[in-house]
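Numbers restart at 1 for each chain; the letters A, B, ... are given by sequence-line order, proteins then strands. Values in this document were obtained by computation on a predicted structure and should not be read as measured data.
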Amino acid sequence: MQSGSFQHPYIPNTPADREEMLKVIGVSSAEELFRDIPQGYSAPSLDIPQALPEMDLLRELQALGDENRHADQGPFFLGAGAYRHYIPAVVQAIVNRGEFLTAYTPYQPEVSQGTLQAAYEFQTMVGQILDMDVANAGMYDGASSFAEGALMACRIKRRYKVAYLDTVSPDYIDVLKTYTLPQGIEIYPVTANSTNLKRETACIVAQSPNFYGYIEPLENLIETAHSLDALAVIATDPFASVLFRPPGSYGADIVTAEGQPLGVPVSFGGPYVGLFTCKKEYVRQLPGRIVGKTVDSNIRTAYVLTLQTREQHIRREKATSNICTSTALIGLMTTVYSAILGKEGIKEVAQLCYQKSHYAASLIQQIPGYSLPLDGVFFQEFVVECPRSPSEINETLASKGIIGGLDISDRIHNGMLICVTEVNTRVEIEALVQALSDIGK
Amino acid sequence: MQSGSFQHPYIPNTPADREEMLKVIGVSSAEELFRDIPQGYSAPSLDIPQALPEMDLLRELQALGDENRHADQGPFFLGAGAYRHYIPAVVQAIVNRGEFLTAYTPYQPEVSQGTLQAAYEFQTMVGQILDMDVANAGMYDGASSFAEGALMACRIKRRYKVAYLDTVSPDYIDVLKTYTLPQGIEIYPVTANSTNLKRETACIVAQSPNFYGYIEPLENLIETAHSLDALAVIATDPFASVLFRPPGSYGADIVTAEGQPLGVPVSFGGPYVGLFTCKKEYVRQLPGRIVGKTVDSNIRTAYVLTLQTREQHIRREKATSNICTSTALIGLMTTVYSAILGKEGIKEVAQLCYQKSHYAASLIQQIPGYSLPLDGVFFQEFVVECPRSPSEINETLASKGIIGGLDISDRIHNGMLICVTEVNTRVEIEALVQALSDIGK
Amino acid sequence: MAAKNDKGNNELSLLMDQTVVGRRGIIMPASDVPVQPLPDPGLLRENLDLPEVSQPQVVRYFTQLSQLNYSIDTHFYPLGSCTMKYNPKINDVVAAIPGMSYLHPKTPEKFSQGALKVMYRLQSYLSEVTGMSATSLASMAGAQGELAGVLMIRAYHERNGDSHRKLMLIPDSAHGTNPASAAMGGFAVKAIPSDSNGNMDLGALKELVGSDLAGIMLTLPSTLGLFETDIVEICDVVHKAGGLVYGDGANMNAILGQLKLGDLGFDVVHINLHKTFSTPHGGGGPGAGPVSVAERLVPFLPLPTVVEKVDQDVAQYSLVKSDHSIGRLGAFHGNFGVLIRAYAYIRSLGADGLRQISRDAVINANYLLARLKESYDVSYDRLCMHEVVLSARRQKKNGVRGLDIAKRLLDYGFHAPTMYFPLIVDEALMVEPTESESKETLDAFIDAMLAIATESENIPETVRGAPYSTPVSRLDEAKAAREPDLRWQSR
Amino acid sequence: MAAKNDKGNNELSLLMDQTVVGRRGIIMPASDVPVQPLPDPGLLRENLDLPEVSQPQVVRYFTQLSQLNYSIDTHFYPLGSCTMKYNPKINDVVAAIPGMSYLHPKTPEKFSQGALKVMYRLQSYLSEVTGMSATSLASMAGAQGELAGVLMIRAYHERNGDSHRKLMLIPDSAHGTNPASAAMGGFAVKAIPSDSNGNMDLGALKELVGSDLAGIMLTLPSTLGLFETDIVEICDVVHKAGGLVYGDGANMNAILGQLKLGDLGFDVVHINLHKTFSTPHGGGGPGAGPVSVAERLVPFLPLPTVVEKVDQDVAQYSLVKSDHSIGRLGAFHGNFGVLIRAYAYIRSLGADGLRQISRDAVINANYLLARLKESYDVSYDRLCMHEVVLSARRQKKNGVRGLDIAKRLLDYGFHAPTMYFPLIVDEALMVEPTESESKETLDAFIDAMLAIATESENIPETVRGAPYSTPVSRLDEAKAAREPDLRWQSR
Ligand SMILES: Cc1ncc(COP(=O)(O)O)c(C=O)c1O
Ligand SMILES: Cc1ncc(COP(=O)(O)O)c(C=O)c1O
């Protein structure tokens with residue numbers, strides 16, 4: 001910063017402006033405005049570096065960025081809940097528009113139709129992709145969406161037990177615990193073939209594709225749940241839902257998903273958007289924001305936040321959730337992405353993920369010492385049992401510029417969870433296979 | 001591209017749409033619409049690769065980009081007509097707005113006030129920075145702007161000789177020749193101290209800072225020109241004009257400049273914007289587009305393309321220039337840049353360029369074997385006489401990750417033209433000095 | 001403006017209604033690997049309906065849609081409790097640096113040191129600003145920060161064998177998320193009334209605290225835009241009763257660098273980065289609601305937090321779980337794209353800049369108060385902090401409600417204030433100017449407010465019918481709730 | 001919508017009028033080098049007036065300004081002779097790749113191979129599309145391409161000792177830049193009339209060609225949107241008379257992949273990348289106007305061109321000057337940022353896509369013609385190419401001029417067609433839909449045109465007063481020209 005008095009670019013008023021305003025207010029200094037701060041507490045020291053000029057800030061963050069190895073820097077095979085897909089240029093161009101980016105939650109529908117209609121489109125596309133009756137306008141992320149699904153089931157059934165499959169992502173189970181346990185909800189594990197659920201179980205919760213990437217055969221479990229008047233809350237992946245029969249088609253009552261794969265950068269884990277859908281009959285128990293279609297006083301079609309009596313600002317401690325600020329912009333990203341991909345494009349991407357990951361798996365399981373320990377059908381992610389510790393193998397891969405899969409040896413012996421999507425080229429896949437085979441020797 | 005019929009994302013209509021439309025038109029196939037193309041000429045082969053998906057295109061161009069060594073990749077000291085300056089984030093954010101980016105020339109002022117008012121701001125800021133009465137809405141680049149300045153002077157004076165200082169950038173002189181010679185204009189060199197100009201000289205043309213980066217003492221030459229009723233056309237640099245007395249202050253009649261330094265990426269040489277200003281009395285001889293202020297039928301202030309009777313679409317072969325599409329968007333960039341920098345910021349940048357380049361020069365001239373062969377005051381660029389061929393030296397610098405100055409040994413013995421602006425850090429400058437000194441040994 | 005449709009207006013058709021079979025918005029590459037067999041068709045999905053539209057259509061549709069919005073980039077947004085300040089463009093640029101935005105959350109730590117460093121520093125800055133011991137960045141919005149906070153309070157009491165402490169006190173002026181979060185945390189909620197000065201009623205508080213007290217959730221300055229003058233005593237009462245003090249930091253813009261909540265003895269504070277620290281609100285998120293805590297709550301922080309280990313002058317950063325963490329709030333490490341913007345913001349402002357923010361936010365709000373209090377009622381006759389709660393009580397006599405005034409402002413080119421919040425103020429209009437608006441903008445807003453006050457006297461029906469110049473007029477919200485139409489359906 | 005100003009409207013004040021002393025939009029770093037002495041103060045500037053505004057103000061001002069524009073991203077822009085098609089967003093992304101946009105033009109060739117490769121390939125594609133021998137990308141707009149073209153014709157004749165060839169023939173329907181460029185190239189210009197079919201009058205042409213003939217500048221399809229049916233003979237006549245044929249390629253969108261101008265014997269063609277190849281027009285540039293030439297003009301190409309040299313399977317690219325180059329047109333290598341977008345566009349479309357462009361552009365125009373010709377006059381009763389020239393002759397009888405219809409379209413949410421060009425059509429309204437508009441958009445436009453035709457019968461005064469719904473109404477253009485006010489002045 002140049003010397004002299006401090007005039008920050010983000011703060012328009014000048015000393016002269018302030019002086020005039022203070023006069024109108026009738027105080028002689030800004031300090032007087034803070035006179036309610038109790039003695040001894042005001043104007044504390046603030047150990048934060050002085051203002052950094054924009055040019056230097058950009059350089060600093062570019063240098064910090066260079067300390068990271070990002071997912072587009074070479075062959076990369078991590079997934080485990082966050083998936084790389086190609087994001088068409090249109091998505092960023094739209095999402096960066098100030099009118100979307102810098103608007104608040106659409107409390108004034110008359111001047112927020114852009115955000116509102118886009119949210120209605122989001123609800124439409126989410127409903128269509130997940131093949132469910134209704135969707136809300138988005139949750140924080142896939143994991144919290146899943147947890148709120150369980151809470152919603154408990155609310156609907158007024159029961160306080162949740163049965164979960166242990167093939168659900170451990171990260172999701174963690175969040176489920178954070179959300180449910182304080183409310184006195186008991187959660188307990190079951191297998192896909194369980195026929196005995198505990199009495200007073202509100203719902204079964206599961207994930208398909210599961211943590212290991214495999215389609216979970218859930219028909220029986222869901223049937224069992226329904227026979228006990230419990231609900232089925234299933235987390236899925238949007239692209240898997242495009243290729244495979246979606247959970248709703250075999251009876252799921254609440255279907256959630258991480259929306260990130262639909263055009264959202266992996267961005268070190270967030271912001272993402274949780275997709276949340278359910279059967280029509282439960283609409284008034286939905287958490288989060290919902291946009292509905294209506295008309296204005298001139299009978300023009302218009303959109304508005306609706307069913308707000310579920311929400312915290314009206315129902316306070318009785319609200320269906322505490323969500324206020326949610327993820328509208330990320331919802332918009334997925335909406336623009338889905339529109340650009342469209343009916344055919346989205347299927348093509350799902351197919352590419354399937355084809356490429358299966359190609360990779362077919363080659364890897366031919367390498368001596370490597371095998372695919374799990375049965376069933378996977379979508380784009382699969383587990384490899386390695387001849388050695390996956391973390392050691394990953395070290396060697398990294399030295400060759402390859403980022404391998406996730407070490408899940410805590411769950412599967414020498415297990416590595418490998419993800420392949422449409423952005424992985426055949427050359428990259430074969431480089432991984434070659435490297436694994438070299439390491440195996 | 002996925003197989004099947006070709007439906008391109010940029011072309012909405014489908015085979016079914018086409019069929020309907022052809023029916024309305026009354027032809028049975030699209031080919032019929034091209035029936036006027038003479039026999040034997042239609043539907044030629046087209047040896048152009050098939051459509052590349054967006055994802056692959058981006059990768060191809062990123063790979064091509066990686067084959068380049070760009071100016072922000074390390075210490076970099078090239079200038080010679082294109083200057084690196086820090087471009088605030090706001091500039092791109094505004095310029096990328098579709099409403100500016102994808103509008104046409106504002107022929108319909110009622111729906112183009114955005115472009116038009118921005119152009120008026122551009123004319124204002126250019127006028128203020130170059131300290132001249134009037135500016136047009138921008139030319140193709142600095143060099144063509146300079147050449148058109150000479151043409152304008154010839155038009156005004158109805159004379160066809162142009163005297164130029166040979167310290168003008170050789171690139172500019174080349175363009176001057178391209179533009180003037182075909183019109184039968186004679187151009188001839190003079191020095192800054194010349195007191196004899198040829199009879200019938202329309203103007204003297206010069207550059208300050210000149211090609212070597214030095215402020216050109218032009219008072220006498222301009223006075224001589226005026227005494228012979230010739231004009232003075234001077235090319236300058238916007239930042240030099242901020243720090244030093246601008247050419248208008250010592251009598252220049254037409255002042256031009258390359259607008260690129262004002263917030264425009266170097267972008268391998270273009271697009272840039274030529275600044276073009278003159279004294280008020282010559283306004284009706286200006287080339288290019290001009291925006292004026294007026295009112296609408298409700299007496300609301302509004303802006304419009306004006307003085308169009310100078311232009312090709314009205315005056316055809318008698319127009320003041322053939323310019324039609326110009327550089328509105330780049331003009332907008334410089335406008336937003338100038339607004340963000342503002343009165344103080346723009347001075348600070350000019351000062352930083354001066355300070356840093358003079359620091360570099362002071363260190364370099366202390367290195368044994370190196371000297372500054374030119375006298376006078378430079379702004380941000382200066383010539384160093386090297387102990388060896390500058391191109392050899394540059395090779396060595398490059399091996400150390402430094403891009404040195406421009407080899408101008410064709411004009412000055414072992415001359416290297418070095419540019420230092422606010423983006424060069426002291427560390428970079430000292431790295432250059434160290435490297436030069438190592439090489440000198 | 002879009003082409004008029006057959007109804008003579010410019011409603012934009014939904015994408016599904018724009019669909020023409022066969023159109024597409026992008027070409028995806030063909031597969032470059034040998035064909036792999038698909039599984040049993042019984043496992044596969046049969047039909048999927050999504051839009052079929054060309055790329056230019058998508059761009060035009062969303063661009064036109066965007067223009068129907070008010071936003072900070074286009075309008076003054078004096079929305080109380082929302083801190084709608086300027087969102088610097090450079091922050092979007094740094095968040096998009098490939099090394100940041102393409103960084104996968106499961107990337108090994110040694111390959112994500114740059115990002116972890118950003119998180120570590122942001123934790124430190126937030127701890128410093130709040131005067132607390134440690135910070136977790138995991139929560140993805142203010143409300144989730146609140147949940148994290150109350151869960152920490154819960155865990156704290158449980159570890160102390162005080163699991164009976166289930167009462168959470170919350171002032172009646174509080175934001176709705178406070179009671180909702182407390183309930184999600186398994187607490188019973190009781191409201192503390194406000195006194196005639198807009199302060200918490202200290203007497204009532206004293207009566208409510210007891211052995212079942214878990215804590216208090218309060219906002220400082222309060223949601224009335226007022227500084228809680230008895231704050232030292234409030235903390236004292238609560239602490240003495242064995243409760244913890246939760247600070248809702250949504251109003252931090254008023255006190256940045258003027259007061260550290262930790263100094264007052266707050267135990268946990270959440271910070272809305274999408275308010276005070278200027279990350280763009282995006283039409284309703286994403287946000288981030290980091291929680292900063294006093295020493296005794298550090299073991300309970302949600303996971304992850306980033307720690308620094310300096311080894312031979314080289315700092316290494318890693319993600320850790322605190323000993324008795326309340327657990328995970330989301331699948332990964334919080335909303336990194338929001339965190340990096342907040343980091344950039346703090347770096348851009350520096351200590352002096354942060355102080356200047358609160359100073360100017362408070363001057364701006366008091367300036368509005370001073371110039372509007374003749375024409376609008378104000379419930380409490382005192383200086384305000386960063387926002388001012390007006391009441392349309394007087395206008396109501398002419399049949400003009402707060403809502404009407406809010407809508408009429410839209411016609412004047414201003415976003416409306418927050419309406420009917422806090423609930424305890426009749427016809428509340430809550431105005432928060434923020435420091436990033438200039439005096440001229442405030443003057444223009446004041447002029448509009450004064451003009452509307454006059455209109456409310458002279459032509460109240462005009463005000464009641466507002467807005468007139470917006471893309472749509474007042475909506476039939478009852479219809480929306482009565483007959484929920486929540487997505488496009490094929491006809 | 002902006003706040004209303006004191007005149008009760010929402011004019012946006014100019015930045016200099018928004019200035020408040022002391023405000024600033026950015027902080028620049030302090031100098032990190034020892035202070036250097038400044039020269040003699042007599043050399044230094046004293047005062048400089050520029051805006052003093054804060055960053056949020058700048059963002060809001062320009063964002064609001066932008067919304068006053070129509071643009072391709074928001075509206076159908078049927079502007080004849082302008083090819084306002086969709087500008088793909090990916091092209092802006094690739095142009096901004098740091099390796100491209102931060103590449104300095106004086107970077108040694110070995111460090112700019114990627115950029116040179118892009119240029120080389122684009123040269124080849126353009127040569128292929130036009131059917132010519134070589135291409136230079138140096139010219140920075142169509143008009144500069146024309147200048148380059150006529151200078152090459154001039155240089156060619158001079159080298160052949162034919163420097164007396166100073167006559168350039170140009171059809172009366174030609175774009176204004178053609179004669180203007182010819183004049184800049186030092187040629188005398190004569191106009192060739194058009195015949196009743198909209199073709200060039202062949203008889204007149206034959207009379208005009210003589211030993212002073214330098215060449216002809218023609219546009220194919222013509223600026224009437226019609227294919228010159230005698231084109232083979234025209235070329236023949238000109239060539240036999242010793243002249244060269246200059247093709248103005250601005251209308252290339254009609255014939256992409258359908259016809260190569262080189263096959264017809266054209267000697268030089270300029271191509272408007274900002275039309276046919278979809279680089280965004282930017283409110284009036286930047287553009288690029290590469291010139292492609294037949295064998296005999298190759299030595300005269302403007303500099304630079306890029307050549308490929310393959311050495312042991314490694315291709316090296318370098319910038320060269322052709323032997324008898326007409327010289328430089330700008331300081332560097334042309335508008336690279338535009339070139340790279342055009343390259344990306346051609347790669348995105350491929351051969352089939354390029355062919356589809358012309359096919360659909362021509363279908364779209366003929367569809368408009370077919371549906372509008374009952375309501376508007378058409379001068380030539382034939383199929384059109386990529387654009388259609390209507391005439392408001394009929395409406396003029398009711399006092400409604402082409403201008404009025406154009407302005408009225410703005411109220412319907414469409415940009416106006418090109419008016420009063422070509423000059424030879426009375427009340428011309430030239431409509432170019434391009435291939436990137438859908439049938440539905442064309443139908444909506446047709447509906448508007450038909451509605452306006454009806455209005456012109458029934459309520460002509462309404463049409464004459466249009467537009468009503470635009471940010472400003474009709475302008476006093478005479479005042480603008482009479483009392484030029486070309487910049488802000490301090491008062
Ligand atoms: C006072 C207060 N507390 C809490 C919140 C909740 O924050 P968020 O919306 O990020 O969940 C808000 C948001 O409006 C608020 O104003
Ligand atoms: C037919 C024709 N020729 C030439 C030009 C000139 O091109 P530019 O505007 O790029 O100079 C135009 C531009 O409008 C045109 O339509």
Side-chain angles (χ1 to χ4, degrees), chain B residues 12 17 21 25 36 46 48 50-52 61 64-65 67-71 94 97-99 101-103 105 110-111 113-115 124 140-141 143 171 174 178 182 265 267-271 292-294 296-297 302 306 312-313 316-317 319 322 325-329 340 343 348 358-359 377 426, chain D residues 25 28 32-33 36 39 50 62 65-66 68-73 94 97 99 101-105 111 113-114 140-141 143 176 179-181 183 186 189 227 280 282-287 327-328 330-333 335-337 347 350-351 359 366-367 370 438-439 470 472-473 480 485 487-488:
Chain B
D17 292 325
M21 295 168 84
I25 297 169
D36 283 346
L46 198 57
I48 283 182
Q50 287 304 336
L52 194 64
L61 280 153
L64 288 168
E67 290 182 36
N68 300 326
R69 192 181 179 298
H70 68 72
I94 295 297
R97 286 184 58 79
E99 295 91 327
L101 188 65
T102 72
T105 304
E110 294 89 346
V111 292
Q113 286 298 303
T115 295
T124 295
Y140 300 139
D141 79 341
D171 298 330
D174 279 355
T178 310
S267 189
F268 207 44
K293 189 174 188 169
T294 183
D296 74 358
S297 56
T306 193
Q312 45 74 28
H313 59 287
R316 302 180 75 86
E317 62 269 26
N322 66 342
T325 299
S326 183
T327 51
L329 194 76
I340 282 286
K343 181 173 174 161
E348 288 162 10
H358 281 73
Y359 177 61
V377 176
R426 180 171 183 166
Chain D
M28 289 307 299
D32 59 355
V33 301
Q36 305 294 310
L50 273 187
F62 284 104
L65 268 189
S66 77
L68 304 178
N69 275 0
Y70 272 24
S71 67
I72 269 296
D73 275 6
V94 302
I97 289 173
S101 80
Y102 303 157
L103 183 63
H104 191 281
F111 295 130
Q113 287 294 301
M140 294 179 281
S181 302
V189 171
F227 195 88
R328 250 186 206 294
F332 303 107
H333 331 308
N335 282 344
F336 181 74
R347 294 287 279 142
R359 220 177 277 138
N366 278 288
Y367 180 70
S438 67
K439 177 171 177 298
T470 49
V472 297
S473 58
D485 174 347
R487 57 181 278 204
W488 179 92

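The CD1 atom of I340(B) lies 8.5 Å from the CZ atom of F62(D); values are rounded to the nearest 0.5 Å.
Interface remark: of the candidates L52(B), D296(B), T115(B), D296(B) forms the most heavy-atom pairs closer than 4.5 Å to chain D. Chosen from D32(D), N366(D), V189(D), the residue pairing most often with chain B at heavy-atom distances under 4.5 Å is D32(D). Among A141(D), G350(D), G284(D), A180(D), the residue with the largest count of heavy-atom pairs under 4.5 Å with chain B is G284(D). Ranked by heavy-atom pairs shorter than 4.5 Å toward chain B, the options G186(D), G25(D), G176(D) are led by G176(D). Most heavy-atom pairs under 4.5 Å with chain D: of the set T325(B), D174(B), I94(B), this distinction falls to T325(B). Taking V377(B), T306(B), I48(B) one by one and counting their heavy-atom pairs under 4.5 Å with chain D, the maximum is reached by I48(B). Most heavy-atom pairs under 4.5 Å with chain B: of the set L65(D), N69(D), T470(D), D73(D), this distinction falls to N69(D). When the candidates G287(D), P280(D), A370(D) are compared by the number of heavy-atom contacts under 4.5 Å with chain B, P280(D) comes out ahead. When each of K293(B), Q113(B), R426(B) is checked for heavy-atom pairs under 4.5 Å with chain D, R426(B) comes out on top. Highest contact tally toward chain B, considering only I97(D), V94(D), V33(D), is held by V33(D) [criterion: heavy-atom pairs under 4.5 Å].
Both the backbone and the side chain of L101(B) come within less than 4.5 Å of a heavy atom in chain D. Both the backbone and the side chain of H358(B) come within contact range of chain D, each with at least one heavy atom under 4.5 Å from a heavy atom of that chain. Looking at R316(B), both its backbone and its side chain come within 4.5 Å of chain D, counting heavy atoms on both sides. Both the backbone and the side chain of T102(B) come within contact range of chain D, with heavy atoms under 4.5 Å apart.
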Q: Check step by step if side chain to side chain donor-acceptor pair (under 3.5 Å) holds for S66(D) and R97(B).
A: CA-CA 7 Å; S66(D) 77; R97(B) 286 184 58 79; 2.8 Å; yes
(Q) Assess the residue pair K439(D) and M21(B) against the criterion (side chain to side chain contact (heavy atoms under 4.5 Å, CB included)); give the C-alpha distance rounded to whole Å, side-chain angles, the decisive distance to 0.1 Å, and a yes or no. (A) CA-CA 8 Å; K439(D) 177 171 177 298; M21(B) 295 168 84; 3.7 Å; yes
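Distance alone, capped at 3.5 Å, places no donor-acceptor pair between the S326(B) side chain and the A328(B) backbone. Between the side chain of D141(B) and the backbone N or O of A143(B) there is at least one donor-acceptor pair closer than 3.5 Å. In terms of modelled atom types and a separation under 3.5 Å, the side chain of N68(B) and the main chain of L103(D) share no donor-acceptor contact. Not a single donor-acceptor pair under 3.5 Å links the side chain of N335(D) to the backbone N or O of G270(B).
For F336(D), the CZ atom is densely surrounded, since the number of other residues' heavy atoms within 6.0 Å is greater than 12.
Ring centers of H333(D) and F268(B): under 6.0 Å apart, within the cut-off.
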